[in-house]
> 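Here you go, one structure.
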Amino acid sequence: MNSASSRSRTLQAVGALSLAAATALLMTGCGQSSDSASSAATSEAAKVVPQKQTATPSATAKLTEDQQERKEVLDATKVTFDDAATTATGEVAGGKLVDLDLEGVDDDDNQSPSPTATGSPTGSPSPTGSPSPTGTSSPSASPGAEGPVWAAEVAEKDGTIHTVRINAVDGKVIEARVDADQDADDKKQTADRLAQATQTPQQAAKVATEKKKGTVTSVSLEDNDGNGVIWQVDVVGSDWKKTTFDVDAKNDTIVREETDED
């Protein structure tokens, strides 16, 4: 009786151990499966995440075409608006500046003719002796072979305009000539505007750059829709955007301001 009881307890103990071992094996198998699945998911995520990361575009890549053109011209320009204005007026005795524009910077509507369009200043033919393909080609948007150029219009007291072109790198005068396209009415209009303008273009440029820090690329004396005259000043900021200011030519008040987002 004692022997049978002992064998029964032994079998129960063996059964319990077998059950515990099976349970442990099952749990180990499940843990490995879970760990494997987790590891596989992590591996797949590691493959996907880097593909979503893209390099931040450079500042240049964000620029519009117009902004890039401004940057190229201004990076090459060494002569400031003030220096160019002084040089231009020095070419015409008693002359006053009515327009100064850095060629290649938003000048689609206000381009000075290319020197080859009317022949060289000395009247001699070009080295090749052949005309330009377009005959009256305008300057390219970016600096050409001679580099960036300031194109100025300087008026005598009677309104006669002289065109003066200045190398914007070394400050030397490239060309100085009387504008042959003027008639009596044109001269009178210019003389009348100058008589109304009590503020200089340099003063107007100062007003504009105090409102927006940047580089002056154009100043022009214009009619203010019959309400006197204004100095229209273009300023290009560090973001390469252009802001145009209309500055009253009598009291230096800004009457209009517009930024070109392109």
> Salt bridge check: are Arg165 and Glu103 linked by an N-O gap of less than 4.0 Å?
yes
> Do Asp192 and Lys188 sit within salt-bridge range, that is, some charged N less than 4.0 Å from a carboxylate O?
yes
> Could I get the full list of salt bridge (charged side-chain N to carboxylate O under 4.0 Å, His left out) partners for Lys96, not counting sequence neighbours?
none
> Grab the two heavy atoms, one from Leu100 and one from Ala84, that are nearest each other, plus how far apart they are.
CD2-CB, 4.0 Å
> Do His162 and Glu153 come within less than 4.5 Å of each other through their side chains, counting heavy atoms only?
no
> Of Asp101, Ile174, Asn167, which is the lone residue that meets side chain to side chain contact (heavy atoms under 4.5 Å, CB included) with Val149?
Ile174
> Considering non-hydrogen atoms only, spot the tightest contact between Val154 and Ala88 and give its length.
CG2-O, 3.7 Å
> Without hydrogens or angle criteria, can the side chains of Asp99 and Ser220 be said to hold a donor-acceptor pair below 3.5 Å?
yes
> For the residue pair Thr253 and Val247, establish whether any side-chain heavy-atom pair is separated by less than 4.5 Å.
no
> Assess the residue pair Asp66 and Thr64 against the criterion (side-chain hydrogen bond (donor to acceptor under 3.5 Å, both in side chains)); give the C-alpha distance rounded to whole Å, side-chain angles, the decisive distance to 0.1 Å, and a yes or no.
CA-CA 5 Å; Asp66 288 343; Thr64 66; 5.4 Å; no
> Which distance, rounded to the nearest 0.5 Å, do you find between the CZ of Arg193 and the CG of Asn224?
10.5 Å
> Any donor-acceptor pair under 3.5 Å linking the side-chain atoms of Thr163 with those of Asp179?
no
> Is the closest side-chain donor-acceptor distance between Gln203 and Asp252 under 3.5 Å?
no
> For Glu65, I'd like to know if atom CD has over 12 heavy atoms of other residues, nucleotides or ligands within 6.0 Å.
no
> Between Lys241 and Thr259, do the side chains contain an N or O donor and an N or O acceptor separated by less than 3.5 Å?
no
> Looking only at heavy atoms, what is the nearest atom pair of Gly171 and Ile166, with distance?
O-CG2, 3.6 Å
> Side chains of Thr215 and Val235: closer than 4.5 Å at any heavy-atom pair?
no
> Is it the case that the side chains of Thr80 and Asp82 hold a donor-acceptor pair, with the cut-off being a distance below 3.5 Å and no angle test?
no
> Look up atom CG in Asp158 and atom CD in Gln182, then write down how far apart they are to the nearest 0.5 Å.
8.5 Å
> Using a 4.5 Å cut-off between side-chain heavy atoms of Ile, Leu, Val, Met, Phe, Trp and Tyr, which other residues end up in the same hydrophobic cluster as Ile230?
Val255
> Indicate the atoms forming the closest heavy-atom contact of Leu102 with Pro148, along with that distance.
CD1-CB, 4.4 Å
> Under 4.0 Å between a side-chain nitrogen and a carboxylate oxygen: does that hold for Arg70 and Glu72?
no
> Taking C-beta and beyond as the side chain, do Thr244 and Asp260 meet within less than 4.5 Å on heavy atoms?
no
> If every non-hydrogen atom of Ala155 is compared with every non-hydrogen atom of Val98, which pair is closest and at what distance?
CB-CG1, 4.1 Å
> Is there side-chain contact between Ile254 and Asp246, with at least one heavy-atom pair below 4.5 Å?
no
> What closest approach, in Å, do Lys211 and Glu257 show between heavy atoms, and which atom pair accounts for it?
NZ-OE1, 2.6 Å
> What is the distance from atom NZ of Lys212 to atom NZ of Lys242, rounded to the nearest 0.5 Å?
10.0 Å
> Using a strict threshold of under 4.0 Å (side-chain N to carboxylate O), is an ion pair present between Glu258 and Arg256?
yes
> Is any side-chain heavy atom of Val207 closer than 4.5 Å to a side-chain heavy atom of Val233?
no
> Does the side chain of Trp150 reach to within under 4.5 Å of the side chain of Phe81, using non-hydrogen atoms?
yes
> Only counting residues at least two apart or in another chain, list the ones meeting salt bridge (charged side-chain N to carboxylate O under 4.0 Å, His left out) with Asp186.
none
> Quick check: do Val216 and Asp234 have side-chain heavy atoms less than 4.5 Å from each other?
no
